[in-house]
Amino acid sequence: MRPGIALIGLLACLLAGIWTACPGRTAQAATTERIVVNRFSGVAIEGFDPVAYFVDGSAVQGTAEFEANLWGAVWRFRNEGNRASFLAHPEIYGPQFGGYDPADIARGVTIAGNPHFFVVSAQRLYLFSREANRDAFAANPERFLFEVGKRWPALQEQLSQ
C-alpha cells in the first residue's frame, strides 16, 4: 500500500471514531469508566450484541432499533429476543470486567477489549485488546482469572463510576 493511501485510511479511522477497528490496530482504553463505552455515543462494546456471542458464537453488530440502557451504557442488540435475554441476565451476557481485557488486567493495567477478539468461557464473555491475549487466555483461562482476581478489585477502584 502506498504511504499516502495508508495515511488517508488512518485519518478516516480516526475521524470515524473507530481506531480500534482499523486494520493492524489494537484496542486502547478510550475510557476510565467501569464499563467500556464509546466516549462520544455512550454505546458499549462498539454496538455489538453481547448475547450474539453466546447464541451465534460470533461478533454481530446490534442496531439502534433494539437498545437498552444499563450500568450507565447503551447496549445494542440485533433483535428483541436478545435484548430481553440481556436485561433478564446482564451478569451473564455482559462482558466480564466491564469489557476490559482480562489478560491485561492480570498484568495490572486496564485496556479496553476489542469486540472482535472474544472468548466465551464457563458461560461468560471476555473481550481482548489483541489476538495474542485472546489466544493465551483461551489456552488457560483459570491461570488468567486467578491473577485477575488478585488485581481487579484495586484496578476497578481506580475507574470512574
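In this text the structure is predicted, and so the values were computed from the model without any measurement.
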Check residues 50-60 and write down every donor-acceptor pair under 3.5 Å in which the side-chain atom is one partner and the other belongs to a residue at least two apart or another chain.
{"from": "Tyr53", "atom 1": "OH", "to": "Pro115", "atom 2": "O", "distance (Å)": "2.8"}
{"from": "Asp56", "atom 1": "OD1", "to": "Arg78", "atom 2": "NH2", "distance (Å)": "3.2"}
{"from": "Asp56", "atom 1": "OD2", "to": "Arg78", "atom 2": "NH1", "distance (Å)": "3.1"}
{"from": "Asp56", "atom 1": "OD2", "to": "Arg78", "atom 2": "NH2", "distance (Å)": "3.0"}

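- Residues passing the side-chain hydrogen bond (donor to acceptor under 3.5 Å, both in side chains) test with Glu147, sequence neighbours excluded: Lys150.
- Remark: Leu70 pairs with Trp75, Phe86, Pro90 by the side chain to side chain contact (heavy atoms under 4.5 Å, CB included) rule, at least two apart or across chains.
- Summarising the hydrophobic clusters (Ile, Leu, Val, Met, Phe, Trp, Tyr; side-chain heavy atoms under 4.5 Å, direct or chained), the residues clustered with Phe146 are none.
- The side-chain hydrogen bond (donor to acceptor under 3.5 Å, both in side chains) analysis of residues 132-146, with sequence neighbours excluded, yields the pairs Asp101-Asn133, Asp104-Asn133, Ser129-Asn133, Arg130-Asn133.
- Taking each heavy atom of Ala138 and Val119 in turn, the nearest pair found is CB-CG2, 4.1 Å.
- Val37 and Ala73 make their closest contact through CG1-CB, 3.5 Å (heavy atoms, listed as atom of the first residue, atom of the second, distance).
- The nearest pair of heavy atoms linking Gln61 to Glu46 is NE2-O, 3.0 Å.
- Of all heavy-atom pairs between Ala112 and Val36, the closest is CB-CG1, 3.6 Å.
- Applying the side-chain hydrogen bond (donor to acceptor under 3.5 Å, both in side chains) test to Glu67 and every residue at least two apart in sequence or in another chain returns Arg76.
- In this structure, CZ in Phe118 is found 10.5 Å from CZ in Phe128, a value given to the nearest 0.5 Å.
- Residues passing the side chain to side chain contact (heavy atoms under 4.5 Å, CB included) test with Gln156 are Arg34, Trp152, sequence neighbours excluded.
- Distance CD1/Ile105 to OG1/Thr110: 7.5 Å, rounded to 0.5 Å.
- Among residues at least two apart or in separate chains, there is no salt bridge (charged side-chain N to carboxylate O under 4.0 Å, His left out) pair with a member in residues 86-98.
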Legend entry - Audit row: Leu145, Phe97, side chain to side chain contact (heavy atoms under 4.5 Å, CB included) steps and yes/no: CA-CA 11 Å; Leu145 294 175; Phe97 314 112; 4.0 Å; yes

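- Linking Ile, Leu, Val, Met, Phe, Trp and Tyr residues whenever their side-chain heavy atoms come within less than 4.5 Å places Phe48 and Ile92 in a single cluster.
- Judged as a side chain to side chain contact (heavy atoms under 4.5 Å, CB included), and not counting sequence neighbours, the contacts of Glu80 are Phe66, Arg83, Ala84.
- A search for ring pair (Phe, Tyr, Trp, His ring centres under 6.0 Å) contacts involving Phe144 returns Phe137, not counting sequence neighbours.
- Not counting sequence neighbours, Ala154 has no partner by the side chain to side chain contact (heavy atoms under 4.5 Å, CB included) test.
- At least one side-chain heavy atom of Tyr100 sits less than 4.5 Å from a side-chain heavy atom of Leu159.
- Screening residues 112-127 for salt bridge (charged side-chain N to carboxylate O under 4.0 Å, His left out) gives no qualifying pairs among residues at least two apart or on separate chains.
- Of all heavy-atom pairs spanning Pro95 and Ile45, the tightest one is CG-CG2, 3.8 Å.
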